[in-house]
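Accompanying notes for the structure given below.
None of these values were measured; they are calculated from a predicted model. What you see below is based on every heavy atom in this structure, not just the backbone, and it leaves out hydrogens, waters and symmetry mates.
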Amino acid sequence: MPELPEVETIARSLRVGNGDSPSLIGAQILDAKLLWHKTLATPSESEFRHRIQGQTIESIERRAKYLQINLSEDVLLIHLRMSGDLVAGEGTEPLGKYPRLVFTLSKGLQLCFTDARKFGRVWLVEDPLTVLDKLGPEPLDPEFTPAVFAARLQARKRQIKPLLLDQGFLAGMGNIYTDEALHLAKIHPATRADQLEPKQGAALLATIRTVLNEGIRRNGASIDWVYRGGEFQNQFQVYQRTGEPCLQCGTPIARMVIGQRGTHYCPRCQVPVGV
DNA sequence: CACGAGACCTGTTCGC
DNA sequence: TGCGAACAGGTCTCGT
């Protein structure tokens, strides 16, 4: 489920708590139980348990689609990939289906990493940059300007959709929000990046921010059986609406495969240019 | 550098 | 109803 808005939603709820989820700030990690060995990217399981025991959760933030949990000595990084989730609560029995890594915390709390498809990964490192150093700019960073974004587009020949999904080019976009942003910007997903007018490129960053902010405002999107409780799925204009009328022009939404990803677009609003 | 295919995994939904 | 195929919010690696 996790693109930037979903990860941001999780980071916020772990940080400040919400209805059924307690804030984890200040909690101490008493132990960690690894239930699927590949979930832990580094270090080894024994070193992981040894190092993390006794550390306190000092702050929680998000970088791209990574959750960054700053501990008293180290940094815990979590990537949810396709089906990962984090559930905080009370008790020692793992919360939720498909638990892969369970942290026992002080105050009778636990943090449970669940992940049906087992793609998610967890790192415990001293320096987060050893994991995060290849990431591109944050789309919501106000210092990242539309002009800079447009200029970076001009230097690339790739199709715009795979380029937006490239985390080294721009960090945090996933399949849903990319399709939605391109539709809002009226750009065909197969358009070559360097074929976009600088004006279009600048406008594209604006629509990216629009859909991301709207996603965050609605606590992310919940679709299929990987449920999170967000409501952004009700705002989809194209994603998973193949054959349904475009809400702008009535033309049936089309689906094609670009970069091995299902891609949804309006063939009338998003006219192919230089494809 | 760009691009495609294959891996990594499991669960749900679709088509016959 | 049953069964295989297709599909799923992500990313890595390898070959061309």
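B:dC14 and C:dG9: their P atoms are spaced 15 Å apart (whole Å). Separating the C1' atom of C:dT1 from that of B:dT10 is a span of 23 Å, rounded to the nearest Å. Going from the P atom of B:dC9 to that of C:dG2 covers 30 Å, rounded to whole Å.
In this structure, B:dC9 makes no Watson-Crick or G-U wobble pair, since no nucleotide meets both defining distances under 3.5 angstrom. With both pairing distances under 3.5 Å, C:dG9 is matched to nothing as a Watson-Crick or G-U wobble pair.
Inspection of the A:Thr114 and A:Asp85 side chains reveals no N or O donor paired with an N or O acceptor under 3.5 Å. No side-chain N or O of A:Lys118 forms a donor-acceptor pair with one of A:Thr39 less than 3.5 Å apart.
Residue A:Arg81 has no polar side-chain atom (N or O) positioned under 4.0 Å from OP1 or OP2 of C:dG9. For A:His79, no side-chain nitrogen or oxygen approaches OP1 or OP2 of C:dG10 to under 4.0 Å.
Closest to the side chain of A:Ala116, out of B:dG11, C:dG9, C:dA8, is B:dG11. Nearest to the side chain of A:Tyr98, among B:dG11, C:dC12, C:dA8, sits B:dG11. Of the candidates C:dT11, C:dG9, B:dT10, C:dT11 carries the atom nearest the A:Gln167 side chain, counting heavy atoms from C-beta on. The side chain of A:Arg117 has B:dT10 as its nearest neighbour among B:dC8, C:dT11, B:dT10.
More than 12 heavy-atom neighbours from other residues, nucleotides or ligands sit within 6.0 angstrom of CD on A:Gln53.
You'll find the ring centres of A:Phe103 and A:Phe113 outside the 6.0 Å limit.
Residue contacts for A:Arg100: at a heavy-atom cut-off of 4.0 Å it reaches no nucleic acid atom on any strand shown.
Between the P atom of B:dA5 and the CD1 atom of A:Ile258 lies a distance of 14 Å, rounded to the nearest Å. Atom CG of A:Leu170 is separated from atom P of C:dT11 by 12 Å (rounded to the nearest Å). Atoms CZ (A:Phe236) and P (C:dA8) sit 13 Å apart, rounded to a whole Å. What separates CG of A:Asp179 from C1' of C:dG10 is a distance of 14 Å, to the nearest Å.
The residue among A:Gln260 and A:Lys157 whose nearest nucleotide of DNA chain B lies closer to the 5′ end is A:Lys157.
For a distance-only test at 3.5 Å, the side chain of A:Arg156 fails to qualify as a donor-acceptor partner of the base of B:dA2.
Both geometric conditions, a ring-centre gap below 5.5 Å and a plane tilt below 30°, are not fulfilled together for A:Phe119 over the base of C:dT11.
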- Task: Go through the steps to decide whether A:Trp123 and A:Tyr66 satisfy the test ring-ring contact (aromatic ring centres under 6.0 Å, His included), and finish with yes or no.
- Result: CA-CA 10 Å; A:Trp123 298 256; A:Tyr66 290 82; 5.6 Å; yes
